[in-house]
> 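Right, I'll just put the structure down here and ask away after.
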Amino acid sequence: MLLGEERAQIVAACRRLVADRLVVGTAGNVSVRVGDLVAVTPSGVDYATLTAEQVGVHRLDGTAVDAPLAPTSEAPMHLACYATTGAGAVVHTHSVAATALSCLVDEVPAVHYYLSMFGGRVRVAKYATYGTPQLAENMLAALGDATAVLLGNHGAVTLGDDLAAAYDRATYLEYVCDVALRVLGTGRTPRLLDDAELATVTARLAGYGQPR
Ligand SMILES: [Zn+2]
């Protein structure tokens, strides 16, 4: 099977999205890029029964290469990420805190140093109807150099060199959004981290973990 390993990874990630409560039902979608091919979740298939064969493979322009089902309605958003960034994977969630925060702010406030892992400010894309080229355009405009973006009144998108990295970012982004919501919910003015501290943490995170 073409991109068999990547398609299997996508199935596993979709099941995890439901288990981790980052999506409800068949919402959210996942893609992986290999060269000029993109494996992306099909539209409206229950993740519990989704098979690797049902995950379609398309070219970067969206042309189907090996796809038994229609791709996710958000395929234009995934393809826009690959057209303009070097990402190897994209995860789109409807996680609760990210979605709630997207209704309140234009940018995720720097309540936690984890924001450093997104390589830049995490902005909120202007709302557009799901699945439209306009949403893909708004998403790119807000993304900038970052690896994460919120979609206004909709959800979140994270990018990574691979699916594990993009997925990890989705979980950390949800954490930061949850913290931000709780802070905003107090009605008090929060202390925020400044750009210099976030840059310091970005450098520190680059060397974090066990030496290899
Ligand atoms: Zn969505």
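Basis for what follows: all heavy atoms, side chains included, without hydrogens, waters or symmetry-related copies. Atoms within each ligand, like the ligands themselves, are counted from 1 in listed order.
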> Looking at residues at least two apart in the chain, or sitting in another chain, which of them share a ring pair (Phe, Tyr, Trp, His ring centres under 6.0 Å) with Tyr172?
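Per chain and number, Tyr172 pairs via ring pair (Phe, Tyr, Trp, His ring centres under 6.0 Å) with Tyr114.
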> Write down the atom of Thr147, the atom of Met117, and the distance for their closest heavy-atom approach.
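Heavy atoms only, the tightest pair is OG1-O, 3.8 Å.
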> Which residues pass the ring pair (Phe, Tyr, Trp, His ring centres under 6.0 Å) test with His58, not counting sequence neighbours?
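So His58 forms no ring pair (Phe, Tyr, Trp, His ring centres under 6.0 Å) with any residue.
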> Would you say the side chain of Met77 lies within less than 4.5 Å of the side chain of Leu135, judging by non-hydrogen atoms?
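Contact flag for Leu135/Met77 side chains = yes.
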> Going by salt bridge (charged side-chain N to carboxylate O under 4.0 Å, His left out), name the residues that satisfy it together with Arg21, two or more places apart in sequence or in a different chain.
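Listed in chain order: nothing, the list is empty.
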> What protein atoms of element N, O or S are positioned under 2.8 Å from the Zn ion (ligand 1)?
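Result, waters dropped: His92 NE2, His94 NE2, His154 NE2.
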> So with a 6.0 Å cut-off around CZ of Arg182, is the heavy-atom count from everything else above 12?
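For Arg182, atom CZ is not crowded (no more than 12 foreign heavy atoms under 6.0 Å).
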